[in-house]
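In what follows, a single structure is set out as structure tokens and then discussed.
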Protein chains: 2
Amino acid sequence: MNVTGHTSRPASIRDVAGAAGVSYQTVSRVINGHPSVKPSTRERVLAAIDELGFRRNATALALASGRSRAVTVLTANTTHHGYASILQGIEESARAASYTMAIGVLESAEEPAVAAAVQRAADAGGGLIVIAYDPAGVRALGAVPAGLPVVGVVETPAGRPDDDRPWVWTDDREAAYEATRHLLSLGHDTVHYVAIPSSTRRTSARTTGWRQALREAGAPEPRPMQGSWGPAGGYKAGLRLAKAPDVTAILCGNDDLALGVLRALHVSGRSVPDEVSVAGFDDAPHSAYLTPSLTTVRLDFTGLGRAAFALLHGVLEESAPIAPHPVSVPELVVRESSGPPPARD
Amino acid sequence: MNVTGHTSRPASIRDVAGAAGVSYQTVSRVINGHPSVKPSTRERVLAAIDELGFRRNATALALASGRSRAVTVLTANTTHHGYASILQGIEESARAASYTMAIGVLESAEEPAVAAAVQRAADAGGGLIVIAYDPAGVRALGAVPAGLPVVGVVETPAGRPDDDRPWVWTDDREAAYEATRHLLSLGHDTVHYVAIPSSTRRTSARTTGWRQALREAGAPEPRPMQGSWGPAGGYKAGLRLAKAPDVTAILCGNDDLALGVLRALHVSGRSVPDEVSVAGFDDAPHSAYLTPSLTTVRLDFTGLGRAAFALLHGVLEESAPIAPHPVSVPELVVRESSGPPPARD
DNA sequence: CTGAAAGCGCTTACAG
DNA sequence: CTGAAAGCGCTTACAG
């Protein structure tokens, strides 16, 4: 059922005007909901619009009005759970607001590549959302020219470069704090940590929360292990941790890392949770179905994406409601992978 | 390092023309690489462009030329492995060709909702790629108005509605055939199948390949079980299959489904692969790290996305090379989850 | 309440 | 090789 059959040029407001017997300015008034149009005229125009299958040309609208109802998201990744969910949340909200959502991937964190990506995104018109969870994203956010509407999705609001761009974040520190406390409360002497890469050189919020819980408990503070984003990094770190007999609890920077750690413990002959407890971060879709199922902290990334768009929408259109900073509360999900430490000899 | 400091209006070709002491048509020639421009003039214009930080306005370009260097992808999902990888492949190629990539999610398969989504995508200008792996996608592909450049990513070229739109696909039939043969060659009497939802009412290519292998081997043909896209559906189907003692081999329509099946077998006390063998489909990132690690068939979805874009690019620009239909060969990846059936009593 | 003009920033013929 | 005109499909003041 193809909307209307014309393979020819789509109808313009002039065509509609002709069909309705009015000037094209009047058509413009009707499609913009301008109040001062005689009801009978409006009827005729509406009928012509319907008959010709008229749709307002978005490109012309953007050029003439200077507004484009478009958002482009700059991100270094589109498939990891957190990133993918944020993108999903943005798309939902954008669609609801009749915005178009474009994606620009930051393939490299090199300054020239990042600058080029930002340029291309700016060229598209409309607003920008940049996911600054990694060095490429952080640089991109920093390279956005002043005056361009942008909101950042950041790892932590603390220690941000001093500017007044709006941003959103999840409380990763609190989440890591809770997960670590859970593990400690089970009786473990301490908790080891396999980190995701940090967005900056500074200590990440997750690391901070983990450390805070250890300090409060007076537990020893092992060096965090540098992981990656995927299971391969977790596997590598897990193999090393498996060799240390005193390691009984491991917190991972995300669920993919935890998956790799679980696998490494398995091939090393260490059983989970009997000998070692493992907890992840994010509650990715597969985590509940692993064996052992994974204890983790659920973060509302989709909601974060929605909040980011709401903020941008507020910047772009005065009429749009400004969303408050999101305070999505992390939720600890206890499953099979965590338990009490083994009895001491 | 913000490109240039002006918060004011960006430079237009008229500004550049003024700075270079030429008419703005000459500027247009220079930025379009038109040959007939005196070298010295070109130099001056280039210098002015550089000095003013001029960037050609994409919206105006699109309106004036009628071409927009934009592709919008219509899809019912953005996070499942296959969909996400296709999106990734399209984005890569689009970026390389200086195209913008927008995403429109098909939230419902209802005809009016699909038609609205197609309209919005068409309004954006540029070309369309629709992922037709599900009813919403299939309908969207069918609802694209004639004359709009579009390529479909389809489940199978067989039985498509009779039109001449270009499309790409992977050889799912062959992949399922190989996976089933692998299981049979291990000594299983037959192979049960947990299906992903089909894009149409017809039998899917994966189901066809599975059945073909069974027939060739003279094996019994159990009814395929209807799953979903995620692990929850696999879990449900797995619980039922676990109850049948004669089930020794299970092929799943994707790796997420297989994850759920593995979990169901575990909670039912059936060990993999000693009692039951399981194989998946797609080789998702986590599959190699599961315990047992998952035997699966790897499909090149990223390459499929690249091919889809190449085809669209060819339609949009005559100069662009037309890609051949992709013949990505499915690759069987044998891991721990498949093995010989248990010895008979 | 409605029409005629100018302009958004470009490109595409048309002149010279 | 380069400039002046018309136009892409709209919106935004300005008139009446």
Side-chain angles (χ1 to χ4, degrees), chain A residues 6 8-46 48-49 52-70 98 100 122-126 317, chain B residues 6 8-46 48-49 52-70 98 100 122-126 316-318:
Chain A
H6 332 137
S8 57
R9 181 176 57 77
S12 74
I13 55 172
R14 292 177 211 265
D15 299 323
V16 173
V22 297
S23 74
Y24 65 84
Q25 289 87 343
T26 296
V27 176
S28 174
R29 287 196 189 87
V30 171
I31 61 185
N32 286 300
H34 195 92
S36 62
V37 176
K38 185 157 52 161
S40 62
T41 314
R42 178 186 308 277
E43 294 302 305
R44 263 185 303 145
V45 171
L46 254 18
I49 283 175
L52 299 180
F54 167 80
R55 305 220 98 213
R56 182 218 251 128
N57 181 309
T59 304
L61 169 61
L63 184 60
S65 73
R67 276 171 277 120
S68 65
R69 291 188 162 289
S98 301
T100 265
D123 288 348
E317 304 182 20
Chain B
H6 331 136
S8 57
R9 179 176 57 78
S12 74
I13 54 172
R14 292 177 211 266
D15 299 323
V16 173
V22 298
S23 75
Y24 64 85
Q25 288 88 341
T26 297
V27 176
S28 175
R29 288 196 189 88
V30 171
I31 60 185
N32 286 300
H34 195 93
S36 62
V37 177
K38 184 159 52 161
S40 63
T41 314
R42 178 186 308 278
E43 294 303 304
R44 262 185 303 144
V45 171
L46 255 18
I49 284 175
L52 299 180
F54 168 81
R55 303 220 99 213
R56 180 217 251 132
N57 181 309
T59 304
L61 168 62
L63 183 60
S65 72
R67 278 171 276 118
S68 67
R69 292 188 161 290
S98 302
T100 266
D123 288 349
L316 258 23
E317 303 183 20
E318 289 138 28

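The figures that follow rest on heavy atoms only: side chains count, while hydrogens, waters and symmetry mates do not. Residue numbers begin at 1 in each chain, while the letters A, B, ... track the order of the sequences.
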Solution key, residues 21-29 of chain A side-chain donor-acceptor pairs under 3.5 Å, sequence neighbours excluded:
unit_1	atom_1	unit_2	atom_2	d
A:Ser23	OG	A:Gln25	OE1	3.2
A:Ser28	OG	A:Asn32	ND2	3.4

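For the pair B:Gly21 and B:Ala64, both in contact range of DNA chain D, the more 5′-proximal nearest nucleotide belongs to B:Gly21. Along DNA chain D, the nucleotide nearest A:Arg67 and the nucleotide nearest B:Ser36 are compared for position; the residue whose nucleotide lies closer to the 5' end is B:Ser36.
Remark: A:Asp123 CG to B:Thr59 OG1 distance equals 9.5 Å, nearest 0.5 Å. With rounding to the nearest 0.5 angstrom, the CG atom of B:Leu63 is 6.5 Å from the CG atom of A:Asn57. Note that the NZ atom of B:Lys38 and the CZ atom of B:Arg44 stand 7.5 Å from one another [nearest 0.5 Å].
For C:dC10, the OP1/OP2 oxygens have no side-chain nitrogen or oxygen of B:Ser28 closer than 4.0 Å. In terms of phosphate contacts, A:Arg29 brings no side-chain nitrogen or oxygen within less than 4.0 Å of OP1 or OP2 of D:dT11. Taking side-chain N and O atoms only, B:Asn32 has a distance below 4.0 Å to OP1 or OP2 of C:dT11. In this structure, A:Thr26 reaches the C:dG3 phosphate: one of its side-chain N or O atoms is under 4.0 Å from OP1 or OP2. A sub-4.0 Å separation between OP1 or OP2 of C:dA4 and a side-chain N or O of A:Arg14 is absent. OP1 or OP2 of C:dG3 sits under 4.0 Å from a side-chain N or O of A:Ser23.
Rounded to an integer number of Å, the gap from CG of B:Leu63 to C1' of C:dT11 is 10 Å. When the P atom of C:dC8 is taken as reference, atom CG of B:Asp15 falls 11 Å away, rounded to whole Å. The distance between atom NE2 of B:His34 and atom P of D:dC1, rounded to the nearest whole Å, is 10 Å. Look at CD1 on A:Ile13: it is 12 Å from C1' on D:dT12, rounded to the nearest Å.
Contact of the A:Ile31 side chain with the A:Ile13 side chain is registered, since non-hydrogen atoms from C-beta on lie closer than 4.5 Å.
Nearest to the side-chain atoms of B:Thr41 among the listed nucleotides C:dG9, D:dC1, C:dC10 stands D:dC1. Here C:dC10 is the nucleotide among C:dC10, C:dC14, D:dG9 with the atom lying nearest to any side-chain atom of B:Tyr24. When distances run from any side-chain atom of A:Leu61 to the nucleotides D:dT11, C:dG9, D:dG9, the shortest one goes to D:dT11. Nearest nucleotide to the B:Gln25 side chain, out of C:dG3, D:dG3, C:dC1: D:dG3. The side chain of A:Lys38 lies closest to C:dC1 when the candidates are D:dC1, C:dC1, D:dT12. When distances run from any side-chain atom of A:Ser65 to the nucleotides C:dG9, D:dT12, C:dT2, the shortest one goes to D:dT12.
A search for side-chain contact (heavy atoms from CB on, under 4.5 Å) contacts involving B:Asp15 returns B:Arg9, B:Ala11, B:Ser12, B:Leu52, not counting sequence neighbours.
Shown here for B:Ser68 and B:Gly125, the closest heavy-atom pair between the two residues is OG-C, 3.6 Å. Residues A:Arg69 and A:Glu317 share a closest heavy-atom pair of NH1-OE2, 3.5 Å.
Stem regions for DNA chain D, each three or more consecutive Watson-Crick or G-U pairs with both distances under 3.5 Å and listed by first number, read C:1-3 with D:14-16, C:5-12 with D:5-12, C:14-16 with D:1-3.
Note on A:Arg42: nothing from the nucleic acid sits closer than 4.0 angstrom, heavy atoms only.
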